[in-house]
Structure formats: C-alpha cells, structure tokens
Amino acid sequence: MDPGVIKSYLPLYRDALLLTLRIGWQGVLLAFIIGFLCVTAIRFKVPVVRVIVKGYIELFRNTPLLVQLFFLYFALPKIGIRLSPEFCGSLGLGLLGGAYMAETFRSGLDNIPVIQQESAESLGMNRLQAFRYVILPQAVASSVPGFLANTIFLLKETSVFSTISLMDLMFTAKDLIGMYAKTIECLTLLVVFYLIMLLPVSILGSFVERRLRHAEYGD
Amino acid sequence: MQNMGIDVLFKGRNFLRLLGGLWVAVRISLISVAISIVLGILMGMLMTLKNRPVQILCRIYLEIVRIMPQMVLLFIVYFGTTRVFGWNLSAEYAAIIVFSFWGTAEMGDLVRGSLISIPKIQYESARALGMKEGTLFRHVILPQTVRRLIPLSINLITRMIKTTSLVMMIGMVEVLKVAQQIIEANRKSSPNAAFGVFFVVFLLYFLICWPVSRAAVYLEKRWAE
C-alpha cells in the first residue's frame, strides 16, 4: 500500500463519486415518481394503463439493469432514439427502481386494513379524500423501510454504469488498475468510496425502521 | 425484420450460442444457490444462538454484503485476492465464490427470520405432547420453516440469475458478451443488429426469471397461513 499513490488517485475517485451520486439521485427520484404513478394507476383501476403498468413492473423486475442499460444505450439508437450516457443511466435506474418502488408501495397499501377505507367513507369522504388523508399517509409510513432498502439497492446497482462508458467509481478503478496495476490501492479506495456513499443511507434505514417499530407497537 | 436486425440470430449457430451464454449465467447461479442454501441454513442457525460474539460477527458479515455492490466484491476476489495471494482463479470460480458469499448472507438472514417467526407456543405444545427434541424439530418446526423459506429462496434464485449478468465485467463469455460478439461480427451485413439482438437478450432474461418469480408468488400465497 503506497500512500502517495492513494493521494494522487483521490481526486479521480472524488469526481467519480460525484458523478455516481448525481446520476444516482436523479435515478432514485425518477424511480419514486414512476413508482408512485404506477401505484396510483393500479389503485384507481385506470383501464388499459393498469395492464400496461403491470406488464412494465413484471418486465423490469425480472431483467437485470445491465441488460436494460444495453438496450437503452446500444439498441435504441438503431431505431433513431439517441440518448446521452448520463441520461441513459438515470433513465435506466429510474425505470428499474420505479418497478421496485411500485411493488413496495403497493404492498404497503395492501397492508392497510379495509376498515380504514370504510371508516373514511362512512365519515363522508369521497374516494380521493380517503386516499389522500387516510390511506396514503399510513401506506407511506409503513413503506419507508422498503423505500430505503430500494434506494440502497439502486445506488449499488449504479456499479454497472461503467459499461455504458460513464466514468463512475467502477470505471475509475478498472481504468487505473489497467494503466498502473496498483490493484490493492485501487480496490481499497473503491471500497472506501462505496462505503462513503452507502453507509449513511444504510444507517438511516435502520434508524427509521426502529422508529417505525416504536410508532407501531408503542414504547 | 431485415432492418431491425433480428435475422442475424438465425444465421448459423448464433441463436444457439446466445442460449449457451445464457446457460453460463444460469449454471453459475444454480451452483451458487445450492452452496448458499446449505451454508445459509447453517448461518441462520448460528444467528439464532444467544452468543454475543457470534451475533456481532454475523451482523458485520451481513452489513458488508448488504452495502458492497456485487461488482465490487467480484473485483476484489478476481483482481484483488489473485494479486495479494498470487493464486490463479478462473472468472467462473471467482463468480461462484462471490455469489455464494452474497447468497449465504441473504439466505442466513431469511433462515433466521423464519426460525424466529415460529411462535414459542409451537415448541411448548409439542413438548406438552411428549415429543423429544429431534421429533419436535423434524415434525413441527422444520415443515413450518421450510414453508416460509421456499418462496423466499426461489426469489433469491431470480436475483442471482439477474446479478450473474455482471460476470461479463470480469471477462466471462455469457449471454451479453455473446450478443456483443454477434453484433460485432455482423456489423457490415446488418448494421442494426444491436437492436434485435439486445431486444432478444432482454426477453430471454425475462422469460427465465418471470416464471420463477411467479412460482414464488404462487407458493407464498398458497402457503400463507
């Protein structure tokens, strides 16, 4: 292990981390939006859209991100849709994550007892009001651990971005190993930088989970 | 069909080669799942022990697997350990080591979860009926644990198959690599091959993982108490 080498690599890894984070958070945000829209379509039984949404969820939950990215980045240009690597990354992550978020959110909604809906309606709320003020807050609260787990999963999945020539952490490590063969230094930095990125989310996840358990069962 | 590039797949043995690539992915995941199930059950039992150091060690192991991307683990095993220890490791062995390492942690957590989810009253009732510890475990605890476990471990198989697509990055020739080779080889004759071939790869993965995950959902619903 050579401290000089590590010091000279640090800026490269920092840039890579920033790139990964930028694409990562865009992807996660997109995933939330897509997931929420999908669940709304299923919940309110919007004709046709509902079937498409279900197909989309199954399709993206059952294929690897790597294949999805290859399709977005290498296949779509052949039919005239050209996307920048960065946009492909966010879009791919968003589409993959949307399917996962939708599933998590849906099971959160399904776990709410029917009586909640019935009580809200008997108080004179219409379906939209019941959803907005009674069902949604409870469903979101109980899905939060799942959302955070999905976020960690998505941030981990960013490691395949190097295949569509994005200079993320993986790309930097592989590139530097290829050029200077300082394998140990490169891999150590790789691990450290992934920890910097993922440890806070993981800690937040277990904190929130504990809080929610208190909320459910009391202290 | 011509300009979409699907025709490339029907030239020569291209489609068979693609399926062969897919088999590499499936083979690695099946071997890793088999190893993970055996080791995972052991680990799950270890985790239910009331032994502080064992619990802390298992916890650390779980967190490592949960936080590090599988790709990083692959790099560490394939490039890192070979460098440090100077041994020769084929990409396939590296992949199996990494996926088993990952699967054992996941499986161990699932086994622990299903073991502690069995209500205490089940143990007490069985003992009240005069069962010995062995009989109790064999006829009361095991069937219930397995029922909870099977759907979850089937899910693990699909996740493994999906993750094996990463082995391309350490130089294994699996379905995506074969797809790239086919596209490269036919660059002149059908420039649009990328669309058709990657579309087919997309579908192939879906056709393998979807039935498996449906089976998991079906079993989960059927065995739900």
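In what follows, chains carry the letters A, B, and so on, assigned in the order in which the sequence lines appear, proteins first and then strands, with residues in each chain numbered from 1.
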Would you compute the distance between atom [atom1] of [X] and atom [atom2] of [Y] and round it to the nearest 0.5 angstrom?
| X | Y | atom1 | atom2 | answer |
| --- | --- | --- | --- | --- |
| Phe75(B) | Leu190(A) | CZ | CG | 8.0 Å |
| Lys156(A) | Met68(B) | NZ | CE | 9.0 Å |
| Leu66(A) | Tyr205(B) | CG | OH | 7.5 Å |
| Lys78(A) | Phe198(B) | NZ | CZ | 10.0 Å |
| Asn62(A) | Phe206(B) | CG | CZ | 5.5 Å |
| Thr158(A) | Met71(B) | OG1 | CE | 9.5 Å |

Is it the side chain or the backbone of [X] that comes within 4.5 Å of chain B heavy atoms, both, or neither?
| X | result |
| --- | --- |
| Ser202(A) | side chain |
| Phe153(A) | neither |
| Leu169(A) | neither |
| Thr188(A) | neither |
| Val201(A) | neither |
| Leu199(A) | both |

Query raised in the report: Are the side chain of Arg83(B) and the backbone of Ala181(A) linked by a donor-acceptor contact shorter than 3.5 Å?
Result: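 Answer holds: yes.
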Step through the shown structure and confirm whether more than 12 heavy atoms of other residues, nucleotides or ligands are within 6.0 Å of [atom1] on [X].
| X | atom1 | result |
| --- | --- | --- |
| Arg82(A) | CZ | no |
| Tyr180(A) | OH | no |
| Ile115(A) | CD1 | no |
| Ile121(B) | CD1 | no |

**Report entry** Residue-level interface, residues 85-119 of chain B with chain A, non-hydrogen cut-off under 4.5 Å
**Finding:**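 Against chain A, none of the residues of residues 85-119 of chain B fall inside the cut-off of heavy atoms under 4.5 Å.
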Report task. Identify the residues of residues 153-172 of chain B whose heavy atoms come closer than 4.5 Å to a heavy atom of chain A, ordered by number, or report 'none'. Result ->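 Result: Lys162(B), Ser165(B), Leu166(B), Met168(B), Met169(B).
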Query raised in the report: For the residue pair Ala75(A) and Ala194(B), what are the closest heavy atoms and their distance?
Result: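 So the minimum-distance heavy-atom pair works out to CB-O, 3.7 Å.
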**Report entry** Minimum-distance pair of heavy atoms, taken over all atoms of Phe79(B) and Leu187(A)
**Finding:**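 Phe79(B) and Leu187(A) have their closest heavy atoms at C-CD1, 4.3 Å.
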Report task. Determine the option with the most heavy-atom pairs under 4.5 angstrom with chain B, choosing from Thr63(A), Val191(A), Leu76(A), Leu198(A). Result ->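 Highest number of heavy-atom pairs under 4.5 Å: Thr63(A).
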Report task. Look at Arg66(B), Glu63(B), Arg214(B), Gln70(B) and state which one has the largest set of heavy-atom pairs under 4.5 Å with chain A. Result ->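 Ranked by contacts with chain A, first place is Arg66(B).
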Requested in this report: Any chance you could lay out the side-chain contact (heavy atoms from CB on, under 4.5 Å) test for Arg61(A) and Trp210(B), step after step, and finish with the verdict?
Outcome: CA-CA 8 Å; Arg61(A) 273 177 67 89; Trp210(B) 190 60; over 6 Å; no
Requested in this report: Test Ile67(B) against Ile152(A) for side-chain contact (heavy atoms from CB on, under 4.5 Å), laying out the working first.
Outcome: CA-CA 8 Å; Ile67(B) 289 183; Ile152(A) 294 180; 5.7 Å; no
**Report entry** Phe71(A) and Phe195(B) aromatic ring geometry - parallel, tilted or perpendicular at 30°/60° bounds
**Finding:**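 Geometry flag for Phe71(A) against Phe195(B): tilted rings.
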